[in-house]
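Atoms considered below: every heavy atom in the structure, side chains included; atoms not considered: hydrogens, waters and symmetry mates.
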Amino acid sequence: MTTQAQATGRRAVKAVIPAAGLATRFLPATKAVPKELLPVVDRPVLQYIVEEAAAAGITDVLLVTGRGKTSMVDHFDRRPDIEQRLEEKGDTARLEAVRRTSDLADIYTCRQGEPLGLGHAVGTAASHVGDNAFAVLLGDEFVEEDNPLLPQMLDLQAQTGGIVLAFIEVAPEETSRYGIASVRPSEHGEDIVEVTGLVEKPAPEEAPSNLAVVGRYVLPGKIFEAIAETKPGSGGEIQLTDAMAQLLAEGTPVHGIVYRGHRYDTGMPLGYLQTVVELAVKRPDLGPQFKEWLADFVGGGAKG
């Protein structure tokens, strides 16, 4: 049960986006261009994520960056030269699109000196976030704009306090790729569960459920102390799952929302390509022609 003292009543207004990874799966493309800036049609992956945060009422976004990733910050800066050129051409649609990137939220950065795991990356945000609840959005996945997840997570965390996680259901053979939760029903509604345990990347025969933690978290400020006490775990990295498990063991309430919408995962080349195709097909200006071409291409390939 959640006590009144545990419920904060204050909705988080800050988000942290860990984006310091090396993106080795995409080399050599990511040697000089951050994976987070790879385009999905005409917007980089990172912009979709910041837009998701902004649409949920987040006004403050901290990018945890690494060496060679300053261009991520540049993307959200003003470009008066480009804006002037577009204004002179009368290209108001592109002008509005360019200006919008700098109006989404206040963008801040900090540097993760070494890629020592997600927990370590989140821990670098301690001085920026302080004791307040905050959201964490991983830098390579996002959800449907018309079926958001983050607003419900923020509302639930303001109500219950503690930690709120996002889950998807996965096949048994996929449990070794994710943090997996053991759960029980909660009193907060359909598709909301109370988390009783967390384990990082278990083998299928050891997984307590098929509910996998995906890249959206709403965390209390005390997570930073738990991260500081967390020893390297799976892969020799400081795992956020281990820090959350520590808070859970100490009595911090942990809830999860099972997401039934579509999740776009651009963290691997296949998922990235699927995301590009799916969103291109949905575009009213590109979709009809692209879909027709795609059907012809696939049909021709099948015949050949």
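Annotation: the span from Leu198 atom CG to Gln239 atom CD amounts to 12.0 Å, rounded to 0.5 Å. With rounding to the nearest 0.5 angstrom, the CG atom of Leu38 is 15.5 Å from the CZ atom of Arg43. Expressed to the nearest 0.5 Å, how far CD of Glu87 lies from CD1 of Ile82 amounts to 13.5 Å.
The closest donor-acceptor contact from the side chain of Ser209 to the backbone of Ala181 lies under 3.5 Å. The backbone N or O of Gly197 lies less than 3.5 Å from a partner atom in the side chain of Ser182, making a donor-acceptor pair. Lys69 places a side-chain N or O within donor-acceptor distance of the main-chain N or O of Gly21, the cut-off being under 3.5 Å. Between the side chain of Thr30 and the main chain of Ala23, a donor-acceptor pair closer than 3.5 Å is present. The closest donor-acceptor contact from the side chain of Tyr272 to the backbone of Pro39 lies under 3.5 Å. With hydrogens and angles ignored, the 3.5 Å screen pairs no side-chain donor or acceptor of Gln112 with any backbone N or O of Ala20. Counting only distance, with no hydrogens or angles, the side chain of Thr252 and the backbone of Leu248 share no donor-acceptor pair below 3.5 Å.
Contact of the Thr175 side chain with the Glu206 side chain is not registered, since no non-hydrogen atoms from C-beta on lie closer than 4.5 Å.
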As a quick check of understanding, evaluate ring-ring contact (aromatic ring centres under 6.0 Å, His included) for Phe224 and Phe134, giving each step before the final call. CA-CA 11 Å; Phe224 296 118; Phe134 64 104; 5.2 Å; yes
Audit row: Met244, Leu219, side-chain contact (heavy atoms from CB on, under 4.5 Å) steps and yes/no: CA-CA 9 Å; Met244 294 189 298; Leu219 304 171; 3.8 Å; yes
Walk me through it: do Leu137 and Leu150 pass the test side-chain contact (heavy atoms from CB on, under 4.5 Å)? CA-CA 9 Å; Leu137 297 84; Leu150 192 56; 4.0 Å; yes
side-chain contact (heavy atoms from CB on, under 4.5 Å) between Arg177 and Lys201: does it pass, once the steps are laid out? CA-CA 5 Å; Arg177 295 176 50 206; Lys201 300 178 180 178; over 6 Å; no
Chi angles and distances behind the side-chain contact (heavy atoms from CB on, under 4.5 Å) call for Thr70, Thr65: CA-CA 8 Å; Thr70 56; Thr65 67; over 6 Å; no
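When every heavy atom of His255 is checked against every heavy atom of Ser186, the shortest pair comes out as CD2-CB, 4.3 Å. Looking at every heavy atom in both residues, Arg99 comes nearest to Glu83 through NE-OE1, 3.3 Å.
Side-chain atoms of Glu278 and His262 include a donor-acceptor pair closer than 3.5 Å.
For the pairing with Glu145, the side chain to side chain contact (heavy atoms under 4.5 Å, CB included) check across Glu52, Glu51, Lys282 returns one residue only, Glu51.
Linking Ile, Leu, Val, Met, Phe, Trp and Tyr residues whenever their side-chain heavy atoms come within less than 4.5 Å places Val143 and Val50 in a single cluster. Leu138 and Tyr48 end up in different hydrophobic clusters when Ile, Leu, Val, Met, Phe, Trp and Tyr side chains are linked at under 4.5 Å.
Phe142 does not carry Arg263 over the face of its six-membered ring by the limits of under 6.0 Å from the centre and within 45° of the normal.
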